[in-house]
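Let me begin by presenting the structure, written as structure tokens, before commenting on it.
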Amino acid sequence: MSISNFPVELLKLIAIELSDTDLCSFSLAYRTFHDAVEGDQMVWRTRLLRVYDAPMKKRKNAYDWRRTYQARKRLLNQELRQMEFETGNSKKEQEVLEVLQDLLLDARGYLDSQTIMGHNFHHVYFASPPPSISLAYLHDSPNPLLQVINLLLTPASNRPNEKDIPRLQGIVYNPQSGHSITADGFPNLHVLEALAQFFTHHIHPSSDSLVFHQKTLLDPSELPSFWKGNLGDEPRNIPTKWFGAYSIYPFLLLSSPREDHTDTDTKAYPMLLRGSQDLVFDRSDDHLVDMTLSFSSSSGHCCSEHNFTGIGIDFSAFSVQSGKITPLPSPPGTDMITGWNKVQFVKNYRSHRWVYEGVMLPGNNIILGHWRHCLDEVFVSGLSGPFVFWAAPEGSSLESRDNRLVRG
């Protein structure tokens with residue numbers, strides 16, 4: 001029997017077992033081989049599922065297994081490792097971003113607090129060297145998909161460069177641009193990305209920041225992590241255990257500069273007069289936040305509005321009141337990535353209360369936003385600031401590991 005007359009079923013089995021390089025040679029050898037490989041989705045389905053996570057159920061029917069496999073292999077192996085992203089708007093950047101979006105939509109997150117379930121994360125960020133994803137908020141008119149991917153990859157982000165910190169602070173501490181939700185009701189990607197990088201700078205295990213002493217008490221499994229299951233799972237459970245951190249707006253930073261400042265003023269408030277290119281000394285109450293939520297009987301899933309209460313502790317014990325989670329539309333240009341939610345609650349100490357408002361990212365693993373005094377409608381120096389919360393392992397607690405966490 002001539003090799004060109006081999007049964008098609010046998011040719012497909014051979015094609016499935018070949019390396020990518022050998023498969024190219026195989027399909028070029030004979031027309032019969034080419035037709036057996038290129039025209040059969042099952043060959044490409046089997047090859048893809050061996051190295052990538054399965055696609056979401058809701059888009060399997062329209063899935064082009066061959067095109068997806070070939071695009072991922074070409075762009076991840078040849079383009080991504082050498083690419084330096086800028087705004088995400090060039091043709092090549094857009095092509096790579098679409099592949100990254102595809103990978104993240106299907107990415108299977110944590111099975112438990114430490115073990116990644118699937119393959120896709122390893123192709124994006126756990127390979128060496130990692131891709132160079134830009135800080136899109138530092139550019140004018142960045143591609144929103146680049147900003148969303150940056151946010152989704154926050155748990156794997158490296159610390160921002162020191163030279164970028166003043167610009168981060170200029171966004172995070174700006175009362176005009178400091179809202180995590182735009183006036184049109186969309187997640188404010190510009191602010192959210194800055195918030196994510198701001199807290200990465202302070203909480204990253206390699207950071208020498210002393211703003212949050214308790215970060216040294218965290219186990220690796222208690223640091224910000226990826227979602228559980230598939231990103232596109234709906235409905236998705238909302239975690240009940242959260243760790244977090246908050247910073248306080250520097251005094252007078254939000255005030256308008258006066259023309260009558262003296263040398264004394266300059267020494268007392270250097271962050272006010274030196275401008276956005278100088279480093280502001282971030283400050284907090286030193287403690288991380290340990291918070292446990294309780295949802296109403298209908299909750300646990302983010303598909304419609306849900307209410308919650310809770311308890312927590314940082315420098316003192318507090319209760320969580322008037323909690324509400326409300327779905328948000330996807331930012332324009334990123335319609336495929338859904339699952340954004342607005343989060344609001346009141347953090348009630350016995351003597352004072354703070355209003356928290358922010359955005360829960362797709363995957364329900366991170367919340368970013370700003371807090372303020374309950375009597376203020378605007379951000380006030382010393383009485384407001386940015387915050388982050390991340391899903392923590394159930395049953396974990398900071399209180400038992402630090403004698404400064406004493407309930408008042």
Side-chain angles (χ1 to χ4, degrees), residues 53 55-56 58-59 72 75-76 80 83 85-109 120-121 123-125 130-158 160 168 171-172 177 179-182 184-200 224-227 229-234 236 302 327-343 358-369 388-391:
D53 297 329
M56 296 184 301
K58 64 182 181 182
R59 62 193 190 108
R72 289 181 179 182
L75 292 171
L76 292 179
L80 185 59
M83 178 168 287
F85 283 89
E86 294 183 359
T87 64
N89 290 316
S90 72
K91 182 178 179 181
K92 181 57 65 177
E93 286 177 327
Q94 290 180 26
E95 191 176 7
V96 174
L97 287 174
E98 288 178 2
V99 171
L100 288 174
Q101 173 183 244
D102 197 53
L103 281 169
L104 290 174
L105 282 171
D106 298 336
R108 299 174 66 196
N120 287 13
F121 281 122
H123 289 285
V124 177
Y125 249 98
S132 178
I133 302 296
S134 79
L135 302 182
Y137 60 85
L138 298 179
H139 299 279
D140 294 329
S141 302
N143 187 331
L145 183 55
L146 174 59
Q147 294 182 287
V148 169
I149 289 174
N150 281 340
L151 283 168
L152 294 178
L153 293 176
T154 294
S157 294
N158 293 319
L168 272 175
I171 300 171
V172 169
S177 65
H179 295 277
S180 56
I181 300 174
T182 67
D184 297 328
F186 293 102
N188 190 335
L189 299 179
H190 182 72
V191 172
L192 292 173
E193 190 182 0
L195 285 167
Q197 285 294 306
F198 174 82
F199 283 107
T200 297
S225 59
F226 291 109
W227 49 86
N230 287 72
L231 178 62
D233 286 347
E234 294 181 4
R236 172 178 292 279
C302 265
L328 290 172
S330 299
T334 65
D335 294 344
M336 290 188 65
I337 299 178
T338 59
W340 302 85
N341 289 280
K342 178 180 180 180
V343 179
V359 173
M360 183 183 291
L361 303 186
N364 296 357
N365 57 318
I366 293 176
I367 305 171
L368 297 160
V388 62
F389 284 100
W390 62 91

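Quick note: numbers below take in every heavy atom, side chains included, and nothing from hydrogens, waters or symmetry partners. What you see is a predicted model, and the numbers here were worked out from it, not measured in a lab.
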Worked check of side chain to side chain contact (heavy atoms under 4.5 Å, CB included) between His179 and Val191: CA-CA 7 Å; His179 295 277; Val191 172; over 6 Å; no
Whether the side chain of [X] engages the backbone of [Y] through a donor-acceptor N/O pair (distance < 3.5 Å, no angle test) should be reported.
| X | Y | result |
| --- | --- | --- |
| Ser330 | Ile337 | yes |
| Asn120 | Leu104 | no |
| Asn188 | Thr182 | no |
| Asn365 | Ser225 | yes |
| Asn341 | Met360 | no |

Separation of [Y] [atom2] from [X] [atom1] (nearest 0.5 Å):
| X | Y | atom1 | atom2 | result |
| --- | --- | --- | --- | --- |
| Glu193 | Leu368 | CD | CG | 11.0 Å |
| Thr154 | Ile366 | OG1 | CD1 | 5.0 Å |
| Gln101 | Thr334 | CD | OG1 | 8.0 Å |
| His123 | Leu100 | NE2 | CG | 12.5 Å |
| Gln197 | Leu151 | CD | CG | 9.0 Å |
| Glu98 | Leu145 | CD | CG | 7.5 Å |

Residue list, side chain to side chain contact (heavy atoms under 4.5 Å, CB included) with Glu95, at least two apart or on another chain: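 Applying side chain to side chain contact (heavy atoms under 4.5 Å, CB included) to Glu95 gives Arg74, Leu75, Lys92.
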If every non-hydrogen atom of [X] is compared with every non-hydrogen atom of [Y], which pair is closest and at what distance?
| X | Y | value |
| --- | --- | --- |
| Asp53 | Ala107 | OD2-CA, 3.5 Å |
| Phe199 | Val388 | CG-CG1, 3.5 Å |
| Ser180 | Leu192 | CB-CD2, 3.8 Å |
| Glu93 | Gly88 | OE1-N, 2.9 Å |
| Val359 | Pro187 | CG1-CB, 4.4 Å |
| Pro155 | Leu152 | CD-O, 3.7 Å |

Exercise: do Asn89 and Thr87 side chains pair donor with acceptor under 3.5 Å: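 There is such a pair (donor and acceptor under 3.5 Å, judged by atom type) between the side chains of Asn89 and Thr87.
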Can you check whether [X] reaches [Y] side chain to side chain, under 4.5 Å on heavy atoms?
| X | Y | value |
| --- | --- | --- |
| Leu103 | Arg72 | yes |
| Asn158 | Thr200 | no |
| Lys342 | Ile181 | yes |
| Phe186 | Pro332 | yes |
| Pro362 | Trp340 | yes |

ring-ring contact (aromatic ring centres under 6.0 Å, His included) involving Phe198 - partner list, sequence neighbours excluded: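 Scan of Phe198 (ring-ring contact (aromatic ring centres under 6.0 Å, His included), adjacent residues dropped) gives Tyr173, His202.
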Partners passing ring-ring contact (aromatic ring centres under 6.0 Å, His included) against Trp227 (at least two apart in sequence or in another chain):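 Listed in chain order: Phe121.
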